[in-house]
Amino acid sequence: MIKIFYLYLIKRSLYFSFFILIFFGLLDSVFNFISELENISSQFNISKIFMYVLLSMPHNLLDFLEGACLLGVMIALGLSHQEGNLNVLRTAGASPFKIILVSSIGAIFLAFSLILFDEIVFKKTYLNAQANKNLLSERITFNDKSFNWIKSEDSYLSFEDIIDNKMFKVRLIQTKDNQIVYSATSNTAKTSGDKIFLNEDATYKIFTDDFVQNNEVNFKIPIQSKITLKNINHLSLKNINIYRQLFTESTLKEDVLFKAHLDKALFTSIFKPISIMVLILFFGSLIFTSLRDSNVGERIVISVLGAFIYKIFQDLSTGIFISYGFPVLIGVLIPSIFIIFLSFKSYRNI
């Protein structure tokens, strides 16, 4: 009989967390769709905007994962409390800690599933959708001065983004004896080893008479140029860890700072399920305290606000540790450690 109650709590937390997560994702997508209408053009029309928003939504769901899981478990516990199910479990000898721990299984399963699918599919889908959007909306032109240039022997290269072996908004300049031989621009290009393959529709400007067009160019792209701060959170954990190893031995200030941001992206992703778990354990304990001062609904609102404050606290502590060169892992874990301490105190008072 007790197992039936536990299974009911697990299913409830899973269903509520899932539907709340989808609701948050759809609401965010509506606002994204409205904001993207500013970039509408003949190529980037409403149907393309809709497709971009649709493909971006699965990856964007990660931003709402903690809040959705916490809210789902709290609603499941609150409804079960009002129905008297939690009192039955307490009477059967189940502790509040065990009840909340079991109730969180559904939400944690959802969190692990989303993180796994994000690593396998959603991140790459998001990056491809973002790159395709930039091409169609013509948000960035080849004359944009924000482009960074990199040099390899007598060649100069700039690009907006690179995903796997594909570059976007490419501009290449080939020189010889300090004279420009030609320049080439292309919406996309492919890389393989130390070679770049420009598209057949690349546009060339020729400055010598003996130029022979060749879409294959020898160019060694530094690994640091393949990643940017704005895309760190969209990289797979495997790639983040590979990039981290490249900066391990460097003592340059810029490299140390960049590695710190890579550490932040890695550790916040890895410990996201732990953050969800500690939030559920702490705020779930509110369900078992006296309801004379406030009802279950108010406590659910308090838990959501608490999760928001937790997120801000984590970003703040991580930012401070990055600024002062302290271990980023500690900065990421400090809020969780603080919540665990409060949880022990809370369960002792139940």
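For the numbers below, each heavy atom of this structure counts, side chains included, while hydrogens, waters and symmetry mates do not.
How far OG1 of Thr318 is from CD1 of Ile334: 8.5 Å, rounded to the nearest 0.5 Å. Atom CZ of Phe282 is separated from atom CZ of Phe338 by 8.0 Å, given to the nearest 0.5 angstrom. Taken from CG in Asn132 to OG1 in Thr188, the straight-line distance is 10.5 Å, to the nearest 0.5 Å. Distance OG/Ser103 to CD1/Ile10: 7.5 Å, rounded to 0.5 Å. Taking CD1 of Ile287 as the start and CD of Gln82 as the end, the distance is 9.0 Å to the nearest 0.5 Å. One finds the CG atom of Leu281 at 10.5 Å from the OG atom of Ser346 (value rounded to the nearest 0.5 Å).
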Report task. Could you go through the salt bridge (charged side-chain N to carboxylate O under 4.0 Å, His left out) check for Lys133 and Glu36 one step at a time? Result -> CA-CA 10 Å; Lys133 166 208 162 183; Glu36 289 299 332; 3.1 Å; yes

Report task. Apply ring-ring contact (aromatic ring centres under 6.0 Å, His included) to the pair Phe258 and Phe247, showing each step before the final yes or no. Result -> CA-CA 8 Å; Phe258 198 85; Phe247 297 98; 5.4 Å; yes

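Two rings, from Tyr182 and Phe207, have their centers 6.0 Å or more apart.
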Distance-only criterion, 3.5 Å: show the donor-acceptor pairs between side-chain atoms of residues 63-77 and protein atoms not counting sequence neighbours.
unit_1, atom_1, unit_2, atom_2, d
Glu66, OE2, Lys272, NZ, 3.2

Check: residues 322-331 side-chain donor-acceptor pairs under 3.5 Å, at least two apart:
unit_1, atom_1, unit_2, atom_2, d
Ser323, OG, Gly319, O, 2.9

Donor-acceptor pairs under 3.5 Å, side chain of residues 104-115 to any protein atom, not counting sequence neighbours: which ones?
unit_1, atom_1, unit_2, atom_2, d
Ser104, OG, Leu101, O, 2.7
Ser113, OG, Phe109, O, 2.8

Could you tabulate the donor-acceptor pairs under 3.5 Å formed by side-chain atoms of residues 262-269, not counting sequence neighbours?
unit_1, atom_1, unit_2, atom_2, d
Asp263, OD1, Arg244, NE, 2.3
Asp263, OD1, Arg244, NH2, 3.2
Asp263, OD2, Lys259, NZ, 3.2
Thr268, OG1, Lys264, O, 2.6
Thr268, OG1, Ala265, O, 3.3
Ser269, OG, Ala265, O, 2.9

Could you pull out every donor-acceptor pair under 3.5 Å between side chains of residues 304-315 and any protein atom, sequence neighbours left out?
unit_1, atom_1, unit_2, atom_2, d
Tyr310, OH, Ser275, OG, 2.9
Tyr310, OH, Ser336, OG, 2.7
Gln314, NE2, Val332, O, 3.2

List, one per line, each side-chain donor-acceptor pair under 3.5 Å for residues 45-53, sequence neighbours excluded.
unit_1, atom_1, unit_2, atom_2, d
Asn45, OD1, Ser47, N, 3.3
Asn45, OD1, Ser47, OG, 2.7
Asn45, OD1, Lys48, N, 3.0
Tyr52, OH, Gln130, OE1, 2.7

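Remark: the Ser236 side chain and the Asn239 side chain contain an N/O donor-acceptor pair separated by less than 3.5 Å. Using a 3.5 Å distance cut-off with no hydrogens or angles, the side chains of Asn215 and Glu200 do pair a donor with an acceptor. Between the side chains of Gln174 and Ser155, at least one donor N or O lies within less than 3.5 Å of an accepting N or O.
Its side chain within the 4.5 Å cluster rule, Ile34 clusters with Val30 among the Ile, Leu, Val, Met, Phe, Trp and Tyr residues.
Taking the six-membered ring where tryptophan is involved, the planes of His234 and His59 are perpendicular, since the angle between them exceeds 60° and thus also 30°.
Taking the ring centre of Phe197 as origin, the terminal cationic atom of Lys190 falls outside the region bounded by 6.0 Å and 45° from the ring axis.
A search for side-chain contact (heavy atoms from CB on, under 4.5 Å) contacts involving Leu89 returns Ile2, Phe5, Tyr6, Leu9, Leu86, Ala94, Ile99, not counting sequence neighbours. Looking at residues two or more places apart in sequence or on another chain, you find a ring-ring contact (aromatic ring centres under 6.0 Å, His included) between Phe97 and Tyr347. Residues satisfying the salt bridge (charged side-chain N to carboxylate O under 4.0 Å, His left out) test with Glu216, not counting sequence neighbours, are Lys195.
Minimum heavy-atom separation, Leu55 to Ala129: CB-CB, 4.0 Å. Nearest heavy atoms, Leu157 versus Val170: CD1-CG1, 3.5 Å. Residues Val217 and Leu172 come closest through the heavy atom pair CG2-CD2, 3.6 Å. Contact detail for Leu237 and Lys123: the closest heavy-atom pair is N-NZ, 4.3 Å.
Judged as a salt bridge (charged side-chain N to carboxylate O under 4.0 Å, His left out), not a single pair has a partner in residues 17-35 (not counting sequence neighbours). Among pairs with a residue in residues 12-23, those fulfilling side-chain hydrogen bond (donor to acceptor under 3.5 Å, both in side chains) read Tyr8-Arg12, Arg12-Ser80, Arg12-Glu83, at least two apart in sequence or across chains.
Looking at heavy atoms from C-beta onward, Lys220 lies in side-chain contact with Asp194 at the 4.5 angstrom threshold. Put simply, the side chain of Pro335 does not reach to within 4.5 Å of the side chain of Ile339, judged on heavy atoms. Using a 4.5 Å cut-off on side-chain heavy atoms (C-beta onward), Trp149 and Arg171 make contact. In this structure, the side chains of Phe122 and Leu62 stay at 4.5 Å or more apart for every pair of heavy atoms.
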